[in-house]
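A short worksheet on the structure shown next.
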Amino acid sequence: MDFEKKLKIRLCTSIICAVLGAIMIAAAIFTEYENNALSSFGTGMIVFGIANVKKYFYITSSNERLKKQQIMETDERNVAIANKAKSITFTISIILAYVTVVVLSILNMHTAAECITYSILALIAIYLVTYYAIRRKS
């Protein structure tokens, strides 16, 4: 994939994150969850989105920065490190989610435990689908 196209996809994703964050804040304001984590999470998404939009414009404002970023992202060592970090993060997230399900079940919070269980299953299903799709492409 063309590097500039990849950056534009990241820009669109960042804008979508910021918009979703604003929607979450609006939902928190117009519901009974005004002081809940929903508005905090929405604020985080807005900050994340704006930071990435600024990063996009910073990188694309200079051909030298663009080439430097492209080299940094396509370097085999950096790609291997990023893939290993993603793998470890995914594994730790799944383990923590399972522990949370057990704790919630012990505390008789079965609905929350069930929601997390479905989230875990969805993540694993997405992982398997993407794994086999990428494997087929390679």
Side-chain angles (χ1 to χ4, degrees):
M1 177 187 303
D2 181 43
F3 185 68
E4 290 185 31
K5 184 177 180 181
K6 185 188 257 189
L7 288 178
K8 286 183 182 177
I9 290 171
R10 288 183 192 165
L11 173 67
C12 292
T13 304
S14 298
I15 291 170
I16 289 169
C17 280
V19 169
L20 288 174
I23 291 170
M24 291 175 83
I25 290 172
I29 290 171
F30 295 115
T31 63
E32 67 270 6
Y33 300 113
E34 186 174 347
N35 293 322
N36 200 345
L38 191 63
S39 59
S40 299
F41 190 64
T43 303
M45 288 183 68
I46 290 173
V47 169
F48 169 79
I50 291 172
N52 280 340
V53 168
K54 286 179 72 174
K55 181 180 176 184
Y56 169 82
F57 286 113
Y58 176 76
I59 290 170
T60 58
S61 66
S62 163
N63 283 334
E64 183 179 316
R65 284 189 204 117
L66 188 63
K67 287 193 181 282
K68 186 177 178 181
Q69 186 71 23
Q70 183 176 7
I71 289 169
M72 193 172 84
E73 288 190 23
T74 55
D75 178 57
E76 287 181 29
R77 181 176 176 270
N78 289 337
V79 170
I81 290 169
N83 286 337
K84 188 170 185 173
K86 289 175 189 175
S87 175
I88 291 169
T89 302
F90 180 77
T91 303
I92 290 171
S93 298
I94 295 296
I95 291 169
L96 288 175
Y98 277 126
V99 170
T100 304
V101 167
V102 170
V103 170
L104 290 173
S105 295
I106 291 170
L107 297 174
N108 283 333
M109 299 177 77
H110 299 293
T111 305
E114 191 174 312
C115 288
I116 294 172
T117 303
Y118 288 137
S119 297
I120 294 168
L121 293 174
L123 283 173
I124 292 171
I126 292 167
Y127 170 78
L128 290 173
V129 168
T130 56
Y131 175 83
Y132 286 113
I134 292 170
R135 183 175 164 195
R136 181 175 277 195
K137 272 184 146 180
S138 299

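Taking both residues in full, the closest heavy atoms of G49 and A18 are given as CA-CB, 4.3 Å, listed atom of the first, atom of the second, then distance. Among all heavy-atom pairs drawn from N52 and S14, the shortest one is CB-OG, 2.9 Å. Of all heavy-atom pairs between A97 and I116, the closest is O-CG2, 3.8 Å.
One finds the CG atom of L96 at 11.0 Å from the OG1 atom of T89 (value rounded to the nearest 0.5 Å). Rounding to the nearest 0.5 Å gives a distance of 11.0 Å between CD of Q70 and CG of N63. Separating the CD1 atom in I124 from the OH atom in Y131 is a distance of 15.0 Å, to the nearest 0.5 Å. The distance from atom CE of M109 to atom SG of C115, rounded to the nearest 0.5 Å, is 11.0 Å. Taking CG of L123 as the reference point, atom CG of L128 lies at 11.0 Å (rounded to 0.5 Å). The distance from the CD1 atom of I92 to the CD1 atom of I94 is 11.5 Å, given to the nearest 0.5 Å.
When hydrophobic clusters are built by joining Ile, Leu, Val, Met, Phe, Trp and Tyr residues whose side-chain heavy atoms come closer than 4.5 Å, directly or via intermediates, I25 is not grouped with V47. Clustering ILVMFWY residues whenever any of their side-chain heavy atoms sit less than 4.5 angstrom apart, transitively, puts F3 in a cluster other than the one holding V79. A continuous path of ILVMFWY side-chain contacts below 4.5 Å connects I15 to I23, so both sit in one hydrophobic cluster.
Looking only at side-chain heavy atoms (C-beta outward), V101 and I120 come within less than 4.5 Å of each other. At least one side-chain heavy atom of V53 sits under 4.5 Å from a side-chain heavy atom of L11. E4 has its side chain within reach of L66: a pair of non-hydrogen atoms, C-beta onward, lies under 4.5 Å apart.
Counting only residues at least two apart or in different chains, salt bridge (Lys or Arg N to Asp or Glu O under 4.0 Å) contacts with residues 112-138 are absent. Sorted by first and then second residue, the ring-ring contact (aromatic ring centres under 6.0 Å, His included) pairs with a member in residues 55-107 read F90-Y127; sequence neighbours excluded. Every pair tested for ring-ring contact (aromatic ring centres under 6.0 Å, His included) that includes a residue from residues 68-88 fails, sequence neighbours excluded, so the list is empty.
The side chain to side chain contact (heavy atoms under 4.5 Å, CB included) search around V102 returns I106, not counting sequence neighbours. Qualifying side chain to side chain donor-acceptor pair (under 3.5 Å) partners for N108, counting only residues two or more places apart in sequence or in other chains: H110. Partners of E73 according to the side chain to side chain donor-acceptor pair (under 3.5 Å) rule, which considers only residues two or more places apart in sequence or in another chain, are R10, Q69.
A donor-acceptor pair under 3.5 Å is formed between the side chain of T91 and the backbone N or O of S87.
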